[in-house]
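Computed from heavy atoms alone, side chains included, the values below leave out hydrogens, waters and symmetry copies. Just so it is clear: chains get the letters A, B, ... in the order the sequence lines come, proteins before strands, and each one is counted from 1. Owing to the predicted nature of the structure, the values given are computational and were not obtained by experimental measurement.
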Amino acid sequence: MLKIYNTLARDKQDFQPIEPGKVRMYVCGMTVYDYCHLGHARVMVVFDMVQRWLRASGYAVTYVRNITDIDDKIIRRAADNNESIHSLTQRFIDAMHEDADALGVQRPEHEPRATQYVPQMLEMIGKLEANGLAYQAADGDVNYAVRKFAGYGKLSGKSLEDLRAGERVDVATDKNDPLDFVLWKAAKENEADEVKWDSKWGRGRPGWHIECSAMGSDLLGKHFDIHGGGADLQFPHHENEIAQSEGAHQCQYVNTWMHNGFVRVDNEKMSKSLGNFFTIREVLKQYDAEVVRFFILRAHYRSPLNYSDAHLDDAKGALTRLYMALKGNPPQPSLVREGAEGADSTLNREGAQGTGSSPDGTTSHSTRPSKDDSQVAGYDKGRLGGVDVDWNEPHAARFRAAMDDDFNTPEAIAVLFDLANEVNKTRSPQLAAQLVALAGVLGLLQRDPQEFLQGGATAGGLDEAAIGAQIAARIAAKKNKDFASADRIRKELLEAGIVLEDGAAGTSWRRA
RNA sequence: GGUGCGUUAGCAAAGCGGUUAUGCCCCGGAUUGCAAAUCCGGUUAGCCCAGUUCGACUCUGGGACGCACCUCCA
């Protein structure tokens with residue numbers, strides 16, 4: 001039974017979908033006026049992991065991750081660049097997709113853009129007004145009357161009295177209450193036509209919070225299963241979403257609220273305002289994308305995650321161990337799986353691409369995004385090809401228990417290491433296949449080990465031909481018992497970042 | 001000031017009221033021409049104080065420290 005920590009309850013709860021076998025999930029995505037940083041990478045990777053596990057568990061998942069493409073910062077940045085809003089946002093949406101693909105993040109079913117949902121937002125604001133929860137102020141803005149909504153604060157655990165907004169921010173004088181937030185911003189003279197929409201309240205543009213409420217309910221319904229996002233969105237963004245959606249629809253909005261922890265630098269939150277962020281593409285120049293994904297998944301999604309080169313190096317070393325096990329022990333799934341009829345009935349297989357040998361025939365209502373692997377642009381490309389998990393095997397059982405316990409990926413990855421040890425010990429091709437299959441559930445270990453171990457050539461490094469020549473020279477020296485020369489060559493290669501390994505099958509190399 | 005979360009070995013990071021987490025590092029052994037890889041073994045824990053308990057890293061209370069939110073932020 002899957003348990004998920006629900007921010008709303010501040011506790012782990014048994015997960016029960018609203019509609020049996022189906023999960024509808026919404027995650028707050030990016031505001032696209034700049035490149036994504038590692039904090040964004042964490043949201044994308046974490047909820048990618050979540051949707052993968054839900055699918056692996058047999059659920060049909062509808063996953064929505066929105067794109068905010070209208071916002072003060074976007075408008076300002078476009079003006080600074082002397083660029084249209086659309087051109088700016090499209091550029092960074094493309095960049096975001098590149099980064100996500102590189103990290104092995106599967107595309108959500110829907111990536112709605114705020115600018116395409118303005119009619120739905122206006123309709124919702126109309127409902128709020130009709131329900132006495134919204135009012136137009138003298139300055140033309142339409143605001144949400146927070147004190148009229150009884151449940152305000154239930155997600156963030158804040159009471160209206162605690163908030164006392166006036167203490168920290170200049171009170172917007174036209175609001176009835178300082179805590180009220182804007183639903184519709186009246187158009188300003190100096191803004192481009194591109195950011196103005198007609199409405200019964202006059203020309204203007206939507207407030208940030210209403211976007212998610214409108215897109216969520218349009219694509220997933222008034223009441224859906226999971227809503228996720230970074231912990232900083234808990235208040236006010238998600239609190240306001242609840243007020244809007246429940247205020248408009250008069251029913252519960254979301255059952256389970258999930259919030260991921262921050263990425264930190266020197267123990268401080270990585271954020272744009274602090275300026276201490278590293279963009280994904282920056283980091284990927286130095287580290288393999290799978291190392292970054294592994295680094296993120298090695299911590300629990302709710303824990304803080306400190307970023308540093310030392311930690312990435314550590315993650316690289318750990319992932320190398322996993323790939324070494326596969327390199328030495330090529331996976332070979334067993335064709336006949338014993339006891340498969342009694343196979344676990346909740347998990348169906350993941351990532352299978354026409355392997356055909358699917359003996360359990362269980363609840364196969366997974367609507368995995370219908371993209372074949374050739375469309376996965378990142379390191380997930382060229383995968384070994386859909387190896388199935390044998391869920392009856394003991395490691396798989398431990399893996400599943402870990403994942404079912406609020407997506408405990410650190411524990412699940414520990415199982416992977418235990419399995420790697422077992423693989424090295426037994427040299428079992430079936431266990432190696434199991435390792436690939438289980439790691440695949442996390443979007444890891446799907447590459448040819450050689451590609452991982454020999455990849456990531458840095459500029460100015462040796463190319464394969466040069467390495468091959470050196471290895472040949474060393475083998476010749478060894479043949480002549482000229483170990484001094486052989487060791488010298490090995491040392492020189494090591495200094496160039498190339499590690500040599502003499503095995504039964506000859507000499508192989510990898511990058512340090 | 002209000003609210004919430006955290007404090008585990010050299011570093012990173014989990015579970016668990018009593019039994020090896022895991023990875024990297026370090027030490028010893030096997031293996032190797034020597035290494036690397038691999039295997040076997042080992043060293044290094046649980047912020048402080050009190051309580052509950054036969055027994056607490058794990059539960060309860062208090063304290064210290066750290067982080068976050070209360071303002072746009074994943």
Any side-chain N or O of [X] less than 4.0 Å from the OP1 or OP2 oxygen of [N]?
X: A/Asn424; N: B/C39; value: yes
X: A/Ser303; N: B/A14; value: yes
X: A/Lys269; N: B/A74; value: no

Rounded to the nearest 0.5 Å, what separates atom [atom1] in [X] from atom [atom2] in [Y]?
X: A/Tyr35; Y: A/Glu98; atom1: OH; atom2: CD; value: 8.5 Å
X: A/Asp405; Y: A/Arg400; atom1: CG; atom2: CZ; value: 13.5 Å
X: A/Lys272; Y: A/Tyr33; atom1: NZ; atom2: OH; value: 4.0 Å

Quiz item: Do A/Tyr253 and A/Phe224 have ring centres separated by under 6.0 Å?
Solution: yes
Measure from the side chain of [X], starting at C-beta and using heavy atoms only, and say which of [options] lies closest.
X: A/Glu501; options: B/A37, B/C40, B/A74; answer: B/A37
X: A/Pro236; options: B/A12, B/C70, B/A74; answer: B/C70
X: A/Met324; options: B/C67, B/A37, B/A74; answer: B/A37
X: A/Phe483; options: B/G33, B/A74, B/A12; answer: B/G33
X: A/Asp487; options: B/C34, B/A36, B/C72; answer: B/C34
X: A/His40; options: B/C70, B/A74, B/G33; answer: B/A74

Quiz item: Hey, are the side chains of A/Lys158 and A/Gln234 touching, using non-hydrogen atoms and a 4.5 Å cut-off?
Solution: no
Practice problem: Report yes if some heavy atom in the side chain of A/Cys28 is under 4.5 Å from a heavy atom in the side chain of A/Asn66; otherwise report no. | Solution: yes
When the [atom1] atoms of [N] and [M] are considered, how many whole Å apart are they?
N: B/A12; M: B/C25; atom1: P; result: 16 Å
N: B/U8; M: B/G51; atom1: P; result: 25 Å
N: B/G15; M: B/C69; atom1: C1'; result: 29 Å
N: B/U20; M: B/G63; atom1: C1'; result: 34 Å
N: B/A9; M: B/C40; atom1: P; result: 26 Å
N: B/G10; M: B/G42; atom1: C1'; result: 16 Å
N: B/G17; M: B/U32; atom1: C1'; result: 47 Å
N: B/A13; M: B/C24; atom1: C1'; result: 11 Å

Under 3.5 Å, is there any donor-acceptor pair linking the side chain of [X] to the base of [N]?
X: A/Asp405; N: B/G15; result: no
X: A/Lys73; N: B/C72; result: yes
X: A/Arg490; N: B/C34; result: yes
X: A/Arg42; N: B/A74; result: no
X: A/Asp502; N: B/C34; result: yes

Practice problem: Check the pair A/Asp406 / A/Tyr301 against side chain to side chain donor-acceptor pair (under 3.5 Å), numbers first and verdict last. | Solution: CA-CA 9 Å; A/Asp406 194 30; A/Tyr301 75 89; 2.6 Å; yes
Exercise. Dump the intermediate steps for salt bridge (Lys or Arg N to Asp or Glu O under 4.0 Å) on A/Arg107 and A/Asp101, then the final yes or no.
Key: CA-CA 8 Å; A/Arg107 238 17 111 73; A/Asp101 288 348; 3.2 Å; yes
Roughly, in whole Å, what's the span from [atom1] in [X] to [atom2] in [N]?
X: A/Phe262; N: B/G66; atom1: CZ; atom2: C1'; answer: 15 Å
X: A/Met270; N: B/A68; atom1: CE; atom2: C1'; answer: 16 Å
X: A/Arg302; N: B/A13; atom1: CZ; atom2: P; answer: 15 Å
X: A/Arg264; N: B/U7; atom1: CZ; atom2: P; answer: 11 Å
X: A/Asp34; N: B/A74; atom1: CG; atom2: P; answer: 11 Å
X: A/Arg474; N: B/U32; atom1: CZ; atom2: P; answer: 16 Å
X: A/His300; N: B/A12; atom1: NE2; atom2: C1'; answer: 16 Å
X: A/Arg10; N: B/G4; atom1: CZ; atom2: P; answer: 7 Å

Under 4.0 Å, heavy atoms only, any strand: does [X] hit a base, just the sugar-phosphate, or nothing?
X: A/Lys478; value: base
X: A/Leu233; value: sugar-phosphate
X: A/Gly29; value: sugar-phosphate
X: A/Met44; value: nothing
X: A/Gly39; value: base
X: A/Arg65; value: nothing
X: A/Asn267; value: sugar-phosphate
X: A/Ala231; value: nothing
X: A/Val46; value: nothing

Just the atom pairs and distances: protein N or O near nucleotides 19-23 of chain B's N or O, under 3.5 Å.
from	atom 1	to	atom 2	distance (Å)
B/G23	N2	A/Asp314	OD1	3.2
B/G23	N2	A/Asp314	OD2	3.4

Quiz item: Within the distance-only criterion (no hydrogens, no angle test), does the side chain of A/Asn255 pair as donor or acceptor with the backbone N or O of A/Asp225 below 3.5 angstrom?
Solution: no
Practice problem: Start with the C-alpha distance between A/Arg511 and A/Asp288, add both sets of side-chain angles, then the distance that settles salt bridge (Lys or Arg N to Asp or Glu O under 4.0 Å), and finish with yes or no. | Solution: CA-CA 12 Å; A/Arg511 293 189 195 274; A/Asp288 185 280; over 6 Å; no
Exercise. Just need the stems in RNA chain B: three or more back-to-back Watson-Crick or G-U pairs, each with both distances under 3.5 angstrom, sorted by first number.
Key: B:1-7 with B:64-70, B:10-12 with B:22-24, B:26-30 with B:38-42, B:47-51 with B:59-63
Quiz item: What's the verdict on salt bridge (Lys or Arg N to Asp or Glu O under 4.0 Å) for A/Arg490 and A/Asp487, showing C-alpha distance, side-chain angles and the deciding distance?
Solution: CA-CA 5 Å; A/Arg490 185 171 61 199; A/Asp487 290 353; 3.4 Å; yes
Quiz item: Is A/Lys196 salt-bridged to A/Glu191, going by a charged N under 4.0 Å from an acidic O?
Solution: no
Exercise. Tell me which of A/Arg510 and A/Asn306 sits closer to the 5' end of RNA chain B, going by the nucleotide each one is nearest to.
Key: A/Asn306
Self-check item: Position toward the 5' end of RNA chain B (nearest nucleotide), A/Ala486 or A/Gly157
Solution: A/Gly157
Self-check item: Minimum-distance pair of heavy atoms, taken over all atoms of A/Arg65 and A/Pro112
Solution: O-CD, 3.7 Å
